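Beneath this line is the structure, given in structure tokens, with notes to follow.
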There are 2 protein chains.
Amino acid sequence: MKAMAAADFKANSEASALAERLRALAHPTRLRILTALGASKTCQCGEIVRNLPLAQSTVSEHLRILLEAGLVRGETAGARTCYCLDRNAVRKLAEDFDRLLAAIGRHEVAGGKARRA
Amino acid sequence: MKAMAAADFKANSEASALAERLRALAHPTRLRILTALGASKTCQCGEIVRNLPLAQSTVSEHLRILLEAGLVRGETAGARTCYCLDRNAVRKLAEDFDRLLAAIGRHEVAGGKARRA
DNA sequence: GTTGATAATCGTCTATCGACGATGAACGAT
DNA sequence: ATCGTTCATCGTCGATAGACGATTATCAAC
């Protein structure tokens, strides 16, 4: 698992990869969409649109961003598209994020593992 | 701990608060700065600047964003400012993030707790 | 084949981001 | 009192984000 924190400081690619996925999450609307997708069978895009004070095109755009971030999968069946959460991707993001925060805060928790890994 | 996911779908303020802090993290440079701050006694701004291919003003701006997000604290002593990680804030962010992801993915892990809380 | 519904895409507009150089403020050293 | 250092702030610039309406494509229903 990498080496030292000093090395992490130099490693740009790793930080970029994580930052990119975080950026997909860092928007209230997208957080709400993810929550909605995780909560129900609400795979329909229109259903999401109906629950948000946003235009259809705007929601579609947010869904595209979540798609490109790999957090959501979409199956287009005819005119309608069914979106669903990629739970593996969400879990992987959670793990990577935890690992980063553990690396950042590892001086407090003492050991080399920290939190949950 | 709130109520149902359907309620979360409606709750904008909560999503906004988390999204705001995530946005502070969602930049490769800021991730690197945080890593550097967590790794060493590198509280000096100039030290960070010297390790990044960016102008001093740019780094200062990133530090300001991290400050406003509450992830970093800065003590100005004379001409130089000593930045250090707010480890409590980092941990709190990690917890909130975990809680969100648990809420999103709770259908897979069965129960109502999930992950680690 | 029309019509209606759904959703992606396009073009546009504004606001914000990210980077920079220049400047200014605060301090230590001489 | 004057430098040199350190850092924040300001103004500028180009690029991107986010929202919207309009348009287009695909399909079901009729």
Side-chain angles (χ1 to χ4, degrees), chain A residues 12-13 15-34 36-37 40-85, chain B residues 12-13 15-34 36-37 40-85:
Chain A
N12 192 10
S13 61
S16 297
L18 182 54
E20 206 166 332
R21 277 183 298 166
L22 283 180
R23 231 162 41 93
L25 280 186
H27 193 287
T29 298
R30 293 197 284 272
L31 285 185
R32 294 218 278 166
I33 290 176
L34 281 183
L37 286 183
S40 61
K41 307 91 206 146
T42 315
C43 288
Q44 214 77 322
C45 170
E47 188 124 5
I48 298 175
V49 173
R50 250 167 267 126
N51 282 286
L52 290 175
L54 293 171
Q56 175 265 326
S57 57
T58 303
V59 173
S60 184
E61 173 74 2
H62 283 302
L63 282 168
R64 191 186 58 78
I65 291 174
L66 291 172
L67 266 176
E68 285 183 359
L71 296 171
V72 153
R73 277 173 293 119
E75 278 184 36
T76 301
R80 52 197 65 190
T81 305
C82 176
Y83 287 99
C84 48
L85 204 61
Chain B
N12 192 11
S13 60
S16 297
L18 182 54
E20 207 167 329
R21 278 182 297 167
L22 284 180
R23 230 161 40 95
L25 281 186
H27 192 286
T29 298
R30 293 196 285 271
L31 285 185
R32 295 218 278 164
I33 291 177
L34 281 183
L37 286 182
S40 61
K41 308 88 205 148
T42 315
C43 289
Q44 214 78 322
C45 170
E47 189 123 5
I48 299 174
V49 172
R50 252 167 267 127
N51 281 287
L52 290 173
L54 294 171
Q56 175 266 327
S57 57
T58 304
V59 174
S60 184
E61 172 75 4
H62 283 302
L63 283 168
R64 191 187 57 79
I65 292 174
L66 291 172
L67 266 178
E68 286 184 357
L71 296 171
V72 153
R73 276 174 294 120
E75 277 184 37
T76 300
R80 52 196 64 190
T81 305
C82 176
Y83 288 98
C84 51
L85 203 63

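Worth saying up front: this structure is predicted, and the values here are computed from it rather than measured. When reading the values below, keep in mind they use all heavy atoms of this one structure, side chains included, and skip hydrogens, waters and symmetry mates. The chains referred to below are lettered A, B, ... by the order of the sequence lines, with proteins before strands, and numbering in each begins at 1.
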Please name the pair of heavy atoms, one in [X] and one in [Y], separated by the smallest distance, quoted to 0.1 Å.
X: Arg32(A); Y: Ala15(B); result: CG-CB, 3.9 Å
X: Cys82(A); Y: Cys43(A); result: SG-CB, 2.7 Å
X: Val49(B); Y: Leu54(B); result: CG1-O, 4.0 Å

Compile the donor-acceptor pairs under 3.5 Å between side chains in residues 67-80 of chain A and protein atoms, sequence neighbours left out, one pair per line.
{"from": "Glu68(A)", "atom 1": "OE1", "to": "Arg64(A)", "atom 2": "NH1", "distance (Å)": "3.3"}
{"from": "Glu68(A)", "atom 1": "OE2", "to": "Arg64(A)", "atom 2": "NH1", "distance (Å)": "2.6"}
{"from": "Thr76(A)", "atom 1": "OG1", "to": "Thr81(A)", "atom 2": "OG1", "distance (Å)": "3.3"}

**Request:** Select one nucleotide: of dT9(D), dA7(C), dC20(C), the one nearest the side-chain heavy atoms of Gln44(A).
**Result:**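 Closest of the options to the side chain of Gln44(A): dA7(C).
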
**Message:** It should be established whether Thr81(A) places a side-chain nitrogen or oxygen under 4.0 Å from OP1 or OP2 of nucleotide dA8(C).
**Reply:**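 Looking at the OP1 and OP2 atoms of dA8(C), one of them is under 4.0 Å from a side-chain N or O of Thr81(A).
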
**Asked** Using a cut-off of less than 4.0 Å, is there contact between a side-chain N or O of Tyr83(B) and OP1 or OP2 of dT6(D)?
**Response**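 So the side chain of Tyr83(B) is outside the cut-off, no N or O lying under 4.0 Å from OP1 or OP2 of dT6(D).
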
**Item:** Arg30(A): partners by side chain to side chain contact (heavy atoms under 4.5 Å, CB included), with sequence neighbours left out
**Value:**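 Applying side chain to side chain contact (heavy atoms under 4.5 Å, CB included) to Arg30(A) gives His27(A), His62(A), Ile65(A), Leu66(A).
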
**Message:** What's Leu63(A) touching, base or sugar-phosphate or nothing? Going by heavy atoms closer than 4.0 Å.
**Reply:**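 Here Leu63(A) touches no strand at all.
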
**Prompt:** To the nearest 10 degrees, what angle separates the axes at the start and end of the helix from dG1(C)-dC30(D) to dT30(C)-dA1(D), five pairs each?
**Reply:**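 Answer for the end axes of this duplex: 20°.
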
**Partner residues of Glu20(B) under the salt bridge (charged side-chain N to carboxylate O under 4.0 Å, His left out) criterion, sequence neighbours left out** =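 Checked Glu20(B) against salt bridge (charged side-chain N to carboxylate O under 4.0 Å, His left out); zero matches.
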
Rounded to the Å, how far apart are [X] [atom1] and [N] [atom2]?
X: Leu31(B); N: dG18(C); atom1: CG; atom2: P; value: 12 Å
X: Glu20(A); N: dC17(C); atom1: CD; atom2: P; value: 19 Å
X: Arg64(B); N: dG18(C); atom1: CZ; atom2: C1'; value: 11 Å

**Heavy-atom protein contacts under 4.0 Å, nucleotides 23-28 of chain D, coded B base, S sugar-phosphate only, - none** = ---BS-

**Message:** For a quick check, with a 4.0 angstrom heavy-atom cut-off, what is the B/S/- contact string for nucleotides 10-18 of chain D, read 5' to 3'?
**Reply:** -------SS

**Intermediate values then yes/no, side-chain contact (heavy atoms from CB on, under 4.5 Å), Asn51(B) and Glu47(B)** = CA-CA 7 Å; Asn51(B) 281 287; Glu47(B) 189 123 5; 4.2 Å; yes

**Minimum side-chain heavy-atom gap Leu25(B)-Leu18(A) below 4.5 Å** =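 A side-chain contact is absent here, since even the closest heavy-atom pair is not under 4.5 Å.
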
**Item:** From Cys45(A) atom SG to Arg50(A) atom CZ, the distance as rounded to the nearest 0.5 Å
**Value:**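 Result: 9.0 Å between the selected atoms.
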
**Item:** From CG (Leu34(A)) to CG (Leu63(A)), nearest 0.5 Å
**Value:**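 Taking CG in Leu34(A) and CG in Leu63(A), the distance rounds to 9.0 Å.
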
**Request:** Given side-chain contact (heavy atoms from CB on, under 4.5 Å), test Leu52(A) with Ile33(A) step by step and report yes or no.
**Result:** CA-CA 9 Å; Leu52(A) 290 175; Ile33(A) 290 176; 4.0 Å; yes

